[in-house]
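Okay, structure first, notes after.
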Amino acid sequence: MSTSVYSHYRAAFAQALATALGVPAAEIEAQVKPAEPAHGDLSFATFPLAKAQKKAPPAIAAGLAQALSVPGLEIKAVGPYVNARFAPLPFTAQVIDAARGAGNRYGGDEDAGRGKTVVIDYSSPNIAKPIGFHHIRTTFLGHCIANIYRALGWRVEGINYLGDWGKQFGLVAVGFQEYGDPARIDDMAHLVEVYVKANKRAEAEPEFDEKARAFFRRMEAGDAEALKLWNQFRETSIKGFKKIYARMGIEFEHIEGESRYQGKMDAVIEQIAQKPGVKESQGALIVDLPYAENEPPILLKKNDGSTLYATRDLAAAQDRHERFQFEKSLYVVAQDQALHFRQVFRTLKEMGLPWADRAVHVAFGRIHGMSTRKGQVVQLNDVLDEAKERVSVKVRENVEAGRIQTDDADALSEQIALGAIAFGDLKHKRASDYTFDWDEVLSFEGHTGPYLQYAHARAVNVLRKGGGAPASYDAALLTLPEEQALLREIMRLPEVVRDAAEQYEPSLVARLLLDVASSLSRYYTLGNQERDKRINVEGNDALRSARLALIDAARVTLAAGLTLLGIPTPDNM
């Protein structure tokens with residue numbers, strides 16, 4: 001496993017402390033924390049040692065600091081803490097070379113997950129329905145988590161687990177018989193129109209609703225005519241979905257759905273019947289487990305014999321383990337489904353499956369503030385279209401004013417719009433709710449996707465004006481506080497990527513990129529006040545090369561991080 005610059009120094013500091021204290025390094029490493037920036041980069045608190053050594057913590061810290069010597073670290077005691085600061089050399093060159101050497105792979109580690117497989121279930125729209133804006137969180141979060149695990153060397157099996165089985169497809173079928181145009185059966189928009197009409201009618205007419213249920217029972221019974229029509233709807237939907245995913249740069253290793261497990265659920269139910277057991281309740285079949293007060297039971301079959309989500313998810317979990325032998329199986333699904341997944345995972349565990357604890361519900365909060373149109377779902381594609389329209393106005397204005405040079409303003413608008421919508425979601429902690437705001441999301445300033453894309457484009461432009469990224473440079477010349485601060489932000493990406501994988505938290509990457517962009521902006525604007533602090537400084541080729549190498553490392557960091565988030569990185573803005 002490759003070691004990042006930060007990990008290298010942290011491990012060396014911990015080892016030196018452990019040697020001085022006569023304890024294992026693993027015992028100390030967990031106690032080494034980031035220091036307050038004013039006092040250093042790494043810190044070790046001596047409070048836990050006071051009782052055993054019968055000394056005051058500041059005295060212990062002073063003694064340790066005097067005894068330690070680690071190449072590349074400046075060590076001193078600050079009160080009860082032993083602090084270490086990265087010495088400008090070789091730290092500066094190590095960070096720049098690590099970023100530039102890895103390029104767009106910076107932040108990853110192909111050895112970290114070698115030989116391991118993660119299954120990620122995400123997006124999962126229902127066929128014959130549009131991908132709504134509410135699908136944005138599962139889609140972008142799942143895609144980003146998949147990118148992070150791939151960067152860390154895991155084999156990723158991304159599954160778009162379609163909702164393609166159930167009464168709603170009976171609704172589409174009987175609705176198509178009433179309202180459909182056979183010539184438009186391949187038109188996704190038409191299927192949506194049919195479903196909306198059929199759903200409204202079913203709500204008002206119990207007889208029509210029963211017709212839909214009867215059609216679904218025919219599907220479950222294997223009726224060839226019913227399945228042929230259902231399959232046509234399914235293929236039309238998948239074709240429509242793929243266009244939207246392609247627009248977002250998203251591909252799945254597998255597109256499959258609940259229908260995959262039709263005919264396989266009786267075997268799962270029989271297995272559950274052996275352990276932990278099943279029983280009837282009000283005509284339905286449930287898992288025989290003790291339940292908490294007011295907890296609904298785990299339903300396997302309804303009183304009409306049809307199966308439910310839990311049954312299919314139990315079958316899917318076993319199927320995925322048999323196919324992929326996963327180390328982890330992640331379900332990127334809204335927090336609203338927390339009880340469902342707790343019960344599914346509990347059932348798997350009670351069945352005695354040794355891998356049950358490898359299944360994880362990666363839950364996320366809700367989005368507020370996106371208005372609906374006449375009570376209908378806001379479609380994700382419509383939101384992307386509107387974002388592009390709004391961005392296009394700004395792009396055209398900047399092109400006409402000469403602030404942007406581009407041969408394809410339409411393509412640039414699309415890139416910025418996608419970046420705005422994606423980052424507007426990914427910057428939030430996944431468990432939190434947030435309110436969508438057009439002005440905030442599309443702003444070129446603040447915590448936004450366009451701000452990060454602009455920071456990347458600015459770095460590219462600086463390099464272009466300086467004659468390109470230098471092949472060699474003198475790291476000793478990068479002594480400004482702003483240069484050292486930027487280096488420390490660049491250094492963090494590999495650690496943050498690992499943390500994001502462990503916590504299933506893409507917002508960690510998003511927030512780091514904001515810190516990099518902010519630090520880069522402060523560094524860039526120095527030259528506005530003092531000419532000798534300009535990046536493309538005049539009359540000093542060596543200094544200019546060193547600064548351009550740092551800018552190149554920042555560019556790489558932004559590009560690598562944005563790529564992990566699934567966000568385009570335009571070179572001109």
*Apply side chain to side chain donor-acceptor pair (under 3.5 Å) to Ser507 and Glu505, showing your working.*
CA-CA 5 Å; Ser507 68; Glu505 190 60 84; 2.9 Å; yes
*After noting the C-alpha distance and the side-chain angles of Arg492 and Asp515, does the key distance pass the salt bridge (charged side-chain N to carboxylate O under 4.0 Å, His left out) rule?*
CA-CA 10 Å; Arg492 292 172 54 208; Asp515 291 340; 3.3 Å; yes
*asked:* Please determine whether side chain to side chain contact (heavy atoms under 4.5 Å, CB included) holds for the pair Arg155 and Lys116, giving the CA-CA distance in whole Å, both sets of side-chain angles, and the decisive distance to 0.1 Å.
replied: CA-CA 6 Å; Arg155 179 167 69 102; Lys116 297 179 181 179; over 6 Å; no
*Between Tyr473 and Asp97, does a side chain to side chain donor-acceptor pair (under 3.5 Å) hold up when you go through it step by step?*
CA-CA 10 Å; Tyr473 66 99; Asp97 293 349; 2.8 Å; yes
_Full working for side chain to side chain donor-acceptor pair (under 3.5 Å) between Glu495 and Ser7_ = CA-CA 8 Å; Glu495 307 305 316; Ser7 294; 2.7 Å; yes
*Start with the C-alpha gap between Asp313 and Tyr261, add the side-chain angles, then the distance that decides, and say whether side chain to side chain donor-acceptor pair (under 3.5 Å) holds.*
CA-CA 9 Å; Asp313 277 347; Tyr261 303 102; over 6 Å; no
_Val537 vs Asn540, side chain to side chain contact (heavy atoms under 4.5 Å, CB included): CA-CA, chis, key distance, verdict_ = CA-CA 6 Å; Val537 64; Asn540 191 332; 4.3 Å; yes
_Using salt bridge (charged side-chain N to carboxylate O under 4.0 Å, His left out), reason through Glu502 and Arg498 one step at a time and then give a plain yes or no._
CA-CA 6 Å; Glu502 289 175 5; Arg498 285 179 183 155; over 6 Å; no
*Would Glu482 and Arg522 count as a salt bridge (charged side-chain N to carboxylate O under 4.0 Å, His left out) if you check the C-alpha gap in whole Å, the side-chain angles of each, and the deciding distance to 0.1 Å?*
CA-CA 7 Å; Glu482 291 80 5; Arg522 284 192 294 272; over 6 Å; no
*Does the ring pair (Phe, Tyr, Trp, His ring centres under 6.0 Å) test come out yes or no for Phe436 and Phe133, once each step is laid out?*
CA-CA 11 Å; Phe436 182 88; Phe133 182 69; 5.2 Å; yes
*Test Ile131 against Phe241 for side chain to side chain contact (heavy atoms under 4.5 Å, CB included), laying out the working first.*
CA-CA 7 Å; Ile131 299 181; Phe241 293 158; 3.5 Å; yes
_Between Lys427 and Glu440, is the salt bridge (charged side-chain N to carboxylate O under 4.0 Å, His left out) condition met? List the steps._
CA-CA 12 Å; Lys427 71 178 181 181; Glu440 177 188 336; 2.9 Å; yes
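Applying the 6.0 Å contact sphere to NE2 of His447 captures no more than 12 heavy atoms from other residues, nucleotides or ligands. The local environment of CG in Asn528 is crowded, with over 12 non-hydrogen atoms from other residues, nucleotides or ligands closer than 6.0 Å. When the shell of 6.0 Å around NZ of Lys429 is examined, it contains 12 or fewer heavy atoms from other residues, nucleotides or ligands. Annotation for Gln529: atom CD counts as buried by contact number, over 12 foreign heavy atoms lying within 6.0 Å. For Glu251, the CD atom sits in a loose shell: 12 or fewer heavy atoms of surrounding residues, nucleotides or ligands are nearer than 6.0 Å. No more than 12 heavy atoms of other residues, nucleotides or ligands sit less than 6.0 Å from atom CD of Glu110. Within a 6.0 Å radius of NZ in Lys242, no more than 12 heavy atoms belonging to other residues, nucleotides or ligands are found.
The shortest heavy-atom contact between Ile490 and Ala99 is CG2-CB, 4.2 Å. Heavy-atom minimum distance, Val332 versus Ile120: CG2-CG2, 3.9 Å. Of all the heavy atoms in His254 and Arg323, the pair that sits closest is ND1-NH2, 3.9 Å. Across every non-hydrogen atom of Leu426 and Ala510, the tightest pair is O-CB, 3.9 Å. Pro130 approaches Val192 most closely through the heavy-atom pair CD-CG2, 3.6 Å. Residues Ser519 and Glu489 come closest through the heavy atom pair CB-CG, 4.1 Å.
Without hydrogens or angle criteria, Asn398 side chain to Ile404 main chain gives no donor-acceptor distance under 3.5 Å. Judged purely by atom type and a 3.5 angstrom limit, Asn536 uses its side chain to pair as donor or acceptor with the backbone of Val462. The closest donor-acceptor contact from the side chain of Arg488 to the backbone of Gln484 lies under 3.5 Å. Without hydrogens or angle criteria, Ser237 side chain to Ala128 main chain gives a donor-acceptor distance under 3.5 Å.
A donor-acceptor contact under 3.5 angstrom links the side chains of Lys328 and Tyr149, judged on distance only. Between the side chains of Glu483 and Thr92, no donor N or O sits under 3.5 Å from an acceptor N or O. When only modelled atom types and interatomic distance are considered, Asn572 and Thr406 share no side-chain donor-acceptor pair under 3.5 Å. There is no side-chain donor-acceptor pair under 3.5 Å between Arg234 and Asn231. Residues Ser123 and Tyr245 have side chains that bring a donor and an acceptor to within less than 3.5 angstrom of each other.
The six-membered or imidazole ring of Phe86 lies near that of Tyr9, with a centre-to-centre distance under 6.0 Å. For an aromatic pair to be called close, the ring centres must be under 6.0 Å apart, and His190 with Tyr179 fails this. Residues Tyr161 and Tyr122 keep their aromatic ring centres 6.0 Å or farther apart. Remark: aromatic rings of Phe176 and Phe233 are close, center separation under 6.0 Å. Ring to ring, His428 and Tyr434 are close: their centroids are under 6.0 angstrom apart.
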Can you give the donor-acceptor pairs under 3.5 Å from side chains of residues 410-420 to other protein atoms, not counting sequence neighbours?
residue, atom, partner, partner atom, Å
Asp410, OD1, Lys388, NZ, 3.0
Asp410, OD2, Lys388, NZ, 3.1
Ser413, OG, Ser392, OG, 3.4
Ser413, OG, Ala409, O, 2.9
Glu414, OE1, Arg247, NH2, 3.2
Glu414, OE2, Arg247, NE, 2.7

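Under a 4.0 Å N-O distance rule, the pair Lys239/Glu235 does not qualify as a salt bridge. Using a cut-off of 4.0 Å between Lys/Arg side-chain N and Asp/Glu carboxylate O, Arg260 and Glu258 are scored as not salt-bridged. Look at Arg184 and Asp181 and you find no salt bridge, because none of the NZ, NE, NH1 or NH2 atoms lies under 4.0 Å from a carboxylate O.
A cation-pi arrangement is present between Arg458 and Tyr524, with the terminal nitrogen or guanidinium carbon under 6.0 Å from the aromatic centre and inside a 45° cone about the axis. In this structure, Arg320 forms no cation-pi arrangement with Phe324, as its terminal cationic atom is not both closer than 6.0 Å to the ring centre and no more than 45° off the ring axis.
Within the 4.5 Å cutoff, the side chain of Gln453 has no heavy atoms near those of the Thr569 side chain. Between His361 and Val333 there is a side-chain heavy-atom pair separated by less than 4.5 Å.
When each of Arg430, Arg137, Arg366 is paired with Asp425, the salt bridge (Lys or Arg N to Asp or Glu O under 4.0 Å) condition holds for Arg137 and for no other.
Taken to the nearest 0.5 Å, the OG1 atom of Thr448 stands 11.5 Å off from the CD1 atom of Ile421.
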